Amino acid sequence: EQSHQQVEQSLKQVEQSHRQVEQSLKQVEQSHQKLKQFTADASHELRNPLTAIKASIDVMLKHPERIHEKDVRKVGVIANSVEHMTNLVKDLLFLARSDGEMSIPERELTKISLNSLLDDLVESLEDLAQQKEITLTYEGFAQLSVRGNRDQLIRLFSNLIQNAINYTPEQGFVMVRLVQHNSSAVVTVEDTGMGITPEQIPLVFERFWRADKARNQRAGGTGLGLSIAQAITNTHQGKIKVSSQVGIGTCFEVSLPAYEL
Ligand code: ADP
């Protein structure tokens, strides 16, 4: 009888701690929601003053003769900083919105031919590659389509290809490929760039992480490009991974559920 009572007692305790855990989880979830809302609100609120500053600077730059010669360079610096901040705010807003989202709402999904999406994207980035005399190529080995959000997919692959161009020295190569692997469309973006060390590999998808902050600041990125690429891949039920060898190059691989056209 006594041991029965003890068992009952323990059961009650287990139940109680279970309830406590549930309560704490709810609180964590609530503060997560609040933080997410705050990031979204803050990014949103920051946009208006930035737009106003940009408009004023554009007017100034249209009439450089009205600016004191000594200040022309300074206005250029302000213009660059405003653009950098605008990008940051845009990226943060996107991440805050997609945070915790498991998938894209059905109404936003369309059937997209990956082959033509990548073909067009690579063509539009050719000028950027040419500025560094980088050979940018695309090979589509399969006619595949995915269900997704077109703008987001462009953003995902554009982030990867622009990084490849950014982190590859002049006269290097950037190769984009699309192949089919079982029921997946596999897109690889491979470069002959500086590479990423094995210790840094687990960090690349972290928000604001950058291998060389000083140099990259000048390159104009926000340190959020790969976090965004990962968030988009996740909401498209895909997988993203990276392999790299220092001094040889890097390869990002994105696989997405696909079907033949
Ligand atoms: P950003 O490019 O704006 O710095 P990302 O999130 O796109 O931010 O990338 C984070 C960091 O990962 C970069 O700063 C760079 O150090 C490293 N990285 C990304 N892509 C490559 C690449 N193709 N080759 C070498 N390093 C890369």
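Order of listing sets the numbers, starting from 1, for every ligand and every atom in it. Residues take their numbers from the sequence shown, with the count starting at 1. Every value quoted in this text rests on a predicted model; they were computed, and no experiment measured them. Values below: every heavy atom of this structure, side chains too, minus hydrogens, waters and symmetry copies.
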Salt-bridge test for [X] and [Y]: reply yes if a basic N is under 4.0 Å from a carboxylate O, no otherwise.
X    : Y    : answer
D58  : K54  : yes
R147 : E106 : yes
E170 : K132 : no

State whether the shortest distance between N or O atoms of [X] and N or O atoms of ligand 1 falls below 3.5 angstrom.
X    : value
Y167 : yes
T222 : yes
A211 : yes
G225 : yes

- Note on the structure: CG (L144) and CG (L117) are apart, to the nearest 0.5 Å, by 12.5 Å
- Query: How many angstroms lie between atom CG of N159 and atom CG of D91, to the nearest 0.5 angstrom?
  - Reply: 7.5 Å
- Using a heavy-atom cut-off of under 4.0 Å, does the side chain or the backbone of N159 touch ligand 1, or both, or neither?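 Answer for N159: neither.
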- Message: Below 4.0 Å, non-hydrogen atoms only: which portion of W209 touches ligand 1? Side chain, backbone, both or neither.
- Response: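 For W209, the contact with ligand 1 is made by both the backbone and the side chain.
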- Message: Within ligand 1, which atoms have a heavy atom of L226 less than 4.0 Å away?
- Response: 5 (P), 6 (O), 7 (O), 9 (O), 12 (O), 19 (C)
- For G195, the ligand 1 atoms whose distance to one of its heavy atoms is below 4.0 Å: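 Within the 4.0 Å cut-off of G195, ligand 1 contributes 25 (C).
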- Message: Is G223 close enough to touch ligand 1? Criterion: a residue heavy atom under 4.0 Å from a ligand atom.
- Response: yes
- Note on the structure: Paired with V82, the side chain to side chain contact (heavy atoms under 4.5 Å, CB included) test is passed by just one of T51, V77, I53, namely I53
